[in-house]
**Q** 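The structure follows.
What you see is a predicted model, and the numbers here were worked out from it, not measured in a lab.
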Amino acid sequence: MPTTVSFPVATERGEQHVTLAYTRRGSGEPLLLLHGIGHHRQVWDPVLPALAAERDVIAVDLPGCGESPALPDGMAHDLPTMSAVLVGLCAALEIERPHAAGNSLGGLLALDLARARLVRSVTALSPAGFWNDAERRYAFTVLSAMRRIARRLPPPLVERLARPALGRTLLTSTIYARPGRRSPEAVVAETLALARAQGFAETLRSGRTVRFTDDIVGTPVTVAWGNRDRLLVPRQGVRAKTVIPKARLVRLPGCGHVPMNDDPALVARVVLEGSR
């Protein structure tokens with residue numbers, strides 16, 4: 001079961017209270033784990049034991065995802081607001097400048113925190129924001145289709161589809177290169193999480209104009225990309241390296257857009273090395 005925490009966030013309309021669900025394990029320097037749009041914190045489960053052996057790991061359900069409620073009325077599910085929420089979370093948990101690792105939207109959020117020098121290091125796995133217009137439109141079209149399918153499938157049908165490897169491939173091959181490795185229970189849970197994510201539509205809309213174009217100075221950055229990423233194509237990693245010249249660019253052989261399940265040992269090693 002997750003722990004929840006509520007804390008204030010300053011907005012143009014005054015102070016608002018936000019509630020987030022999270023899992024915390026391990027000891028050592030703090031490491032914040034951030035998932036992608038419509039996903040949930042359990043996507044980090046395959047690498048959590050290895051990370052928790054060396055870090056104080058906080059895996060968060062972003063606002064409107066997993067077991068975290070959507071932001072209060074008047075708070076946008078956009079990049080500045082989400083980053084402010086994460087700053088508030090760290091203050092509430094008394095964490096000063098954690099390391100951050102994020103996948104997709106989570107990678108973009110981690111880089112945004114690094115841009116403001118609010119984290120010790122960043123490991124961004126296939127981060128959003130390094131697309132061109134055509135690549136962004138393609139990714140958003142695919143994500144919207146995944147969301148529609150997830151919402152239309154009755155939970156009993158999702159459970160039946162997830163039992164065989166072929167069904168798990170049909171449900172998750174867009175984000176995993178090796179979908180058969182994902183357990184049936186995990187596939188059911190993340191399909192339902194995508195269907196029920198309250199902040200999905202607004203978060204996707206707010207991303208239409210997002211592009212990460214700033215260098216990051218003074219904070220170690222690792223950008224890692226699966227060579228079988230079908231959602232945000234690997235050439236975007238080269239683009240990220242151009243934007244952030246001192247970043248360490250790592251290829252993840254045999255991994256898709258969400259690499260933590262495709263090769264947990266490799267991803268854990270990359271995150272730990274990036275947060276030394």
Side-chain angles (χ1 to χ4, degrees), residues 33-44 46-47 62 65-66 77 79 82 101-112 123-151 153 168-182 186-187 189-191 193-195 197 199-212 222-241 243 249-264 266-267 270:
L33 299 181
L34 308 171
H35 61 75
I37 185 172
H39 230 142
H40 58 176
R41 68 186 189 282
Q42 288 89 341
V43 74
W44 294 98
V47 299
L62 293 173
C65 295
H77 286 75
L79 184 60
M82 300 278 262
N103 172 229
S104 198
L105 169 63
L108 173 61
L109 286 166
L111 289 168
D112 193 52
T123 303
L125 309 173
S126 295
F130 296 99
W131 43 48
N132 59 31
D133 288 341
E135 291 163 350
R136 183 199 59 75
R137 286 194 299 270
Y138 163 76
F140 281 27
T141 298
V142 172
L143 287 167
S144 296
M146 291 173 61
R147 161 83 161 178
R148 285 195 300 273
I149 292 169
R151 295 186 76 181
L153 291 175
R168 297 197 295 280
T169 298
L170 291 172
L171 288 169
T172 65
S173 62
T174 302
I175 58 173
Y176 297 122
R178 297 161 175 166
R181 293 187 176 183
R182 198 73 170 139
V187 169
E190 62 194 1
T191 302
L194 176 59
F200 181 91
E202 187 178 348
T203 301
L204 200 65
R205 281 195 300 271
S206 72
R208 291 175 181 170
T209 58
V210 170
R211 189 169 293 173
F212 200 93
T222 298
V223 175
W225 228 284
N227 68 342
R228 295 173 64 186
D229 192 331
R230 298 186 181 96
L231 187 66
L232 299 180
V233 291
R235 62 174 171 266
Q236 294 175 40
V238 177
R239 210 171 287 145
K241 174 68 173 174
V243 173
L249 179 60
V250 179
R251 296 297 186 191
L252 304 175
C255 291
H257 182 63
V258 181
M260 295 82 83
N261 194 75
D262 287 329
D263 195 335
L266 173 59
V267 171
V270 169

**Q** Quick one: closest heavy-atom pair of Asn103 and Leu125, and the distance?
**A** ND2-O, 3.0 Å
**Q** Measure the shortest side-chain to side-chain distance between Leu232 and Trp225 over non-hydrogen atoms and say whether it is less than 4.5 angstrom.
**A** yes
**Q** Measuring from atom CG of Leu194 to atom CD1 of Ile37, what distance do you get when rounded to the nearest 0.5 angstrom?
**A**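 The CG atom of Leu194 sits 9.0 Å away from the CD1 atom of Ile37.
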**Q** Do any N or O atoms from the side chain of Glu202 and from the backbone of Gly199 form a donor-acceptor pair under 3.5 angstrom?
**A** no
**Q** Nearest 0.5 angstrom please: Arg211 CZ to Asp133 CG, how far?
**A** 5.0 Å
**Q** Please tell me if the side chains of His35 and Glu190 come closer than 4.5 Å, counting only heavy atoms from C-beta onward.
**A** no
**Q** With distance as the sole test, does Ser206 use its side chain to make a donor-acceptor pair with the main-chain N or O of Thr203 at under 3.5 Å?
**A**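 It does hold such a pair.
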**Q** With side chain to side chain contact (heavy atoms under 4.5 Å, CB included) as the test, would you mind laying out the steps for Val223 and Lys241 before giving the verdict?
**A** CA-CA 8 Å; Val223 175; Lys241 174 68 173 174; over 6 Å; no
**Q** Do Arg136 and Thr209 come close enough that some side-chain heavy atom pair is under 4.5 Å?
**A** no
**Q** Looking at Tyr176 and Asn261, what are the two nearest heavy atoms and their distance?
**A** CE2-CB, 3.9 Å
**Q** Enter the distance from Phe212:CZ to Arg239:CZ here, rounded to the nearest 0.5 Å.
**A**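 One finds 15.0 Å between CZ of Phe212 and CZ of Arg239.
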**Q** Can you name the closest pair of heavy atoms from Cys255 and Asp263 and give their distance?
**A** SG-CB, 3.7 Å
**Q** Side chains of Leu252 and Asp262: does their closest heavy-atom pair fall under 4.5 Å?
**A** no
**Q** For the residue pair Thr222 and Val250, establish whether any side-chain heavy-atom pair is separated by less than 4.5 Å.
**A**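 Heavy-atom side-chain distance check passes, below 4.5 Å.
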**Q** Looking only at non-hydrogen atoms, find the nearest pair between Gly66 and His40 and report the distance.
**A** CA-CB, 3.8 Å
**Q** Compute whether any side-chain donor of one residue and acceptor of the other, for Ser104 and His257, lie under 3.5 angstrom apart.
**A**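 Indeed, the side chains of Ser104 and His257 share at least one donor-acceptor pair under 3.5 Å.
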**Q** Measuring from Leu62:CG to His77:NE2, what's the distance to the nearest 0.5 Å?
**A** 9.5 Å
**Q** Short question: side chain of Asp229, backbone of Gly256 - any donor-acceptor pair under 3.5 Å?
**A**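 Looks like no, no N/O pair under 3.5 Å.
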**Q** Taking Gly180's backbone N and O only, do any of them form a donor-acceptor pair with Arg168's side chain (distance below 3.5 Å, no angle check)?
**A**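 At least one qualifying donor-acceptor pair exists.
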**Q** Check for a donor-acceptor pair, side chain of Arg182 on one end and backbone N or O of Val187 on the other, with a separation under 3.5 Å.
**A**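 Not confirmed, Arg182 side chain does not pair with Val187 backbone.
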**Q** Taking all non-hydrogen atoms of both residues into account, name the closest pair between Ser126 and Gly226 and its distance.
**A**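 Distance-wise, the nearest heavy atoms are OG-N, 4.1 Å.
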**Q** Measure across Val142 and Thr174 and return the closest heavy-atom pair with its distance rounded to 0.1 Å.
**A** CG1-CG2, 3.5 Å
**Q** Would you indicate whether Arg251, at its atom CZ, is surrounded by more than 12 heavy atoms from other residues, nucleotides or ligands within a distance under 6.0 Å?
**A** yes
**Q** Do Asp112 and Leu108 make a side-chain contact, defined as non-hydrogen atoms from C-beta onward lying under 4.5 Å apart?
**A**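 Side-chain contact under 4.5 Å: no.
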**Q** Is any side-chain heavy atom of Val43 less than 4.5 Å from a side-chain heavy atom of Met260?
**A**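 Val43 vs Met260: side chains touch.
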**Q** Going from CG on Leu34 to CG on Leu109, what distance comes out if it is rounded to the nearest 0.5 angstrom?
**A**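 Result: 6.0 Å between the selected atoms.
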**Q** Please work out which of the three classes, parallel, tilted or perpendicular, describes the rings of Phe140 and Trp131, given edges at 30° and 60°.
**A**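 Perpendicular.
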**Q** How about Arg147 and Leu204: do any of their side-chain heavy atoms sit closer than 4.5 Å?
**A** no
**Q** Rounded to the nearest 0.5 Å, how far does OG1 of Thr141 lie from CE of Met146?
**A** 13.0 Å
